Amino acid sequence: MTDLVEQDAAAVTPSPAPSTAPKSRLRSEAFARRLRARHAAERRFRLAGAAAVALAALILVLLLGSIVAKGASAFLEARIRLEVTLDPAEVADRNYTALLRRALYAQFPQVTDRAGKRVLNDLLSSGAPYELEAMVAKNPALAGTTQTIWVRADDQIDQLVKGAYRRDLPESERGLGDAKIAAADALLASGALAQGFNTTLFTAGDSREPEQAGIGGAIAGSLLTLLVTMALSVPTGIAAAVYLEEFAARNRWTDLIEVNINNLAAVPSIIFGLLGLAVFLGFFGMPRSAPLVGGLVMALMTLPVIIIASRVALKAVPPSIREAALGIGASPLQTVLHHVLPLAMPGILTGTIIGMARALGETAPLLMIGMVAFIVDIPHGLTDSATVLPVQIYMWADSPERAFTERTSAAILILLGVLILLNGVAVILRKIFERRW
Amino acid sequence: MTTRTPVVAASALGMALSLVAAPAFAQSRDQIRAVGSSTVFPFTTAVAEAFGKTGKFKTPVVESTGTGGGLKLFCAGVGPAHPDIANASRRIKKSEVDQCAANGVTTMTELKIGYDGIALASSRKAAPVSLSTVLLWKALAKEVPVNGVLVANPYKLWSDIDPSLPRTAIEVLGPPPTSGTRDTFNELAMLEGCRKLAEVAKAVPNEKARERTCMTIREDGAYVEAGENDNLIVQKLTANPNAFGVFGYSYLDQNRDSLQSAKMDGVELTAETVAAGKYELARPLYIYVKNAHAGVIPGIREFIGEYTSERAMGDDGYLVDKGLIPEPKALREAARILAVNLTPLQF
């Protein structure tokens with residue numbers, strides 16, 4: 001208290017002080033020392049705060065930097081240009097592999113032996129014939145013509161083009177043969193091997209071949225799961241919050257419910273997975289790996305988060321609003337629906353979106369209900385087998401093929417992008433609906 | 001109490017959704033489901049993908065649950081709610097067969113798909129070494145015999161065990177106890193190495209207790225449990241040239257440019273030495289197929305037909321590209337006949 005008085009006094013020192021006693025106290029050595037000490041303490045505190053922020057920023061930059069540095073190259077993929085003559089007989093026979101190989105051999109007239117041809121075969125992705133097949137299926141008139149097409153290269157070639165292999169190592173230690181490198185270099189020199197934007201990464205389902213793997217299936221699975229989660233947890237959560245905050249009597253029962261809700265919000269997510277396994281799979285007999293079950297489990301997990309956020313938002317609406325509404329004759333339901341809920345909406349939406357973002361990034365509860373699985377087909381319904389984005393990241397991180405390393409980072413970038421988008425929407429919604437009193 | 005209506009209605013809606021939906025799931029399934037070993041996972045998924053591309057059937061769903069967890073799910077019963085195929089990095093145990101039978105899974109077909117070698121790898125920056133199961137056991141056991149008495153493992157440096165080994169601290173990164181790789185490592189390296197030492201048999205006469213002594217790994221920091229993510233071990237080895245890592249052959253094969261494998265009793269880890277039975281730390285891999293599901297879940301016969309085809313598990317098959325060490329041709333033929341006939345396993 002005295003410090004404050006002294007500070008105020010120090011602030012007004014320029015004006016001539018009337019009394020001599022405080023003047024001498026203010027000019028005293030002890031006072032100046034105390035003032036210096038307090039200013040130093042303040043500077044230290046600010047410095048510590050700035051250092052903390054700088055450290056956090058540095059770690060974030062390192063994390064993002066390493067992910068971007070590793071993942072950026074995954075947005076490009078190596079493709080090989082081929083002049084394919086679509087022999088109608090072979091097309092009818094669906095022998096697209098032979099068609100592609102013949103076109104590739106034509107670029108290497110000097111290769112005639114089997115071993116050499118096998119090296120060339122390995123330049124193409126094993127998914128290339130399916131690309132060609134899809135093209136012909138879309139446009140059957142192509143049969144009998146010669147087309148210039150770009151097909152996916154094998155993942156090893158893809159990595160070679162991106163410079164992931166050390167060329168200075170002896171062949172036996174490199175993991176990629178000299179012959180393959182020579183063939184790839186020849187194609188590079190003639191411009192028949194080039195990198196393009198990797199659309200596969202966004203459209204395809206999972207695959208064991210990195211060049212054919214994509215997060216399309218995982219994104220569809222995440223969307224379906226979130227759809228179920230949202231449809232269940234948002235109405236239930238808001239309804240529960242409104243009832244508890246606006247209508248329920250304060251007694252031992254509501255206290256008990258409140259304690260339980262707060263507890264549930266802190267329960268580790270794997271517990272919800274175990275619950276899902278026992279109840280939804282065991283008791284209701286729902287299918288394993290289905291987004292429906294994943295969504296139900298996530299809904300249970302996000303429900304407490306939404307209830308708590310909604311209650312806080314409702315509590316923040318001033319009582320005067322309720323009193324005014326009731327005073328002009330609105331029923332309690334009209335008061336809540338017409339006045340309180342709209343005013344609480346920004347807070348509720350923020351809580352909901354944060355809950356959804358958490359559900360989007362969750363893997364542990366899905367482990368128990370079979371959504372951590374290798375699933376190639378893109379899910380189209382709530383009971384199709386599906387996986388979600390973070391699970392896809394985990395599975396790719398666990399794959400031995402090195403081309404998956406960059407795809408893992410790319411998938412992380414995409415997940416981060418979606419999360420930033422969600423949080424951005426939360427901020428915008430809050431800005432739009434926000435009202436000050 | 002009209003005010004409560006929306007609340008009640010909303011929560012009732014949620015409940016109704018899950019209740020109404022329930023009976024609809026007691027239907028059949030048109031997609032094969034496989035569960036089990038994380039070591040067999042890369043191979044089964046590769047076959048599943050190739051199988052799915054034929055376009056006649058849906059791509060099977062493969063879960064990596066570990067051998068034990070997978071067999072538990074597999075043996076839980078017959079019907080669409082239970083998986084059709086179990087991947088295993090060891091043979092099914094008698095207790096598991098009994099468990100299966102108790103739940104109505106009485107007939108299953110066992111298919112040996114090939115081998116996986118366990119690599120004891122280190123960074124290429126380190127000097128190559130030759131180890132043996134005995135040396136490994138001495139380096140990693142919790143208690144070792146010194147002058148006929150079991151004492152807490154005193155070895156800190158590799159050179160403490162054998163002067164010909166490098167003067168570096170013993171540091172082995174390996175899988176945790178939940179992993180199938182760890183089970184196999186315990187059995188193939190620890191138990192085998194321990195059995196070769198007569199001193200242990202003298203110090204611990206009781207066979208059960210001896211087995212436990214043999215398979216207990218030290219906990220003083222020389223063995224680091226590095227989690228199930230083998231890629232992480234690869235990264236750590238590159239950073240620390242003195243450390244060794246324990247993992248499957250496919251990871252070594254994919255990282256030959258940064259890692260080298262230690263010789264075991266002078267034998268190098270290659271596909272040839274494993275198939276010939278010379279490399280000690282190799283294990284057979286199996287899949288188990290529920291016979292009762294063949295003809296019920298579409299595509300099971302075709303799927304194991306694809307699995308045992310020469311295109312998949314042959315010498316030049318795509319599974320070999322994924323790191324599988326194939327069986328000799330004659331045994332592959334035998335597996336194919338088993339698969340075609342779905343010959344039940346007699347245990």
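A, B, ... follow the sequence lines: proteins, then strands. Residue 1 opens every chain. None of these values were measured; they are calculated from a predicted model.
- Remark: A/R152 engages A/E131 in a salt bridge, criterion side-chain N to carboxylate O under 4.0 Å.
- Judged purely by distance below 3.5 Å, without hydrogens or angles, the side chains of B/T273 and B/E268 never pair a donor atom with an acceptor atom.
- Looking at B/T270 and B/Y279, their side chains never bring a donor and an acceptor atom within 3.5 Å of each other.
- Neither the backbone nor the side chain of A/Q334 comes within less than 4.5 Å of any heavy atom in chain B.
- In terms of non-hydrogen atom pairs under 4.5 Å with chain A, the most contact-rich of B/V35, B/T45, B/T44 is B/T45.
- Checked against A/R407 for a salt bridge (Lys or Arg N to Asp or Glu O under 4.0 Å), the options A/D206, A/D158, A/D155 give a single hit: A/D158.
- No part of B/L259 comes within reach of chain A, as not one of its non-hydrogen atoms sits under 4.5 angstrom from that chain.
- Looking only at atom types and distance, the side chain of B/D116 has no donor-acceptor partner in the side chain of B/T39 under 3.5 Å away.
- By number of non-hydrogen pairs under 4.5 angstrom with chain B, the leading residue of A/V372, A/I375, A/D377, A/T405 is A/D377.
- For A/S399, the part sitting under 4.5 Å from any heavy atom of chain B is the backbone (N, CA, C, O) and nothing else.
- Residue B/P60 touches chain A through its backbone alone, counting heavy-atom pairs closer than 4.5 Å.
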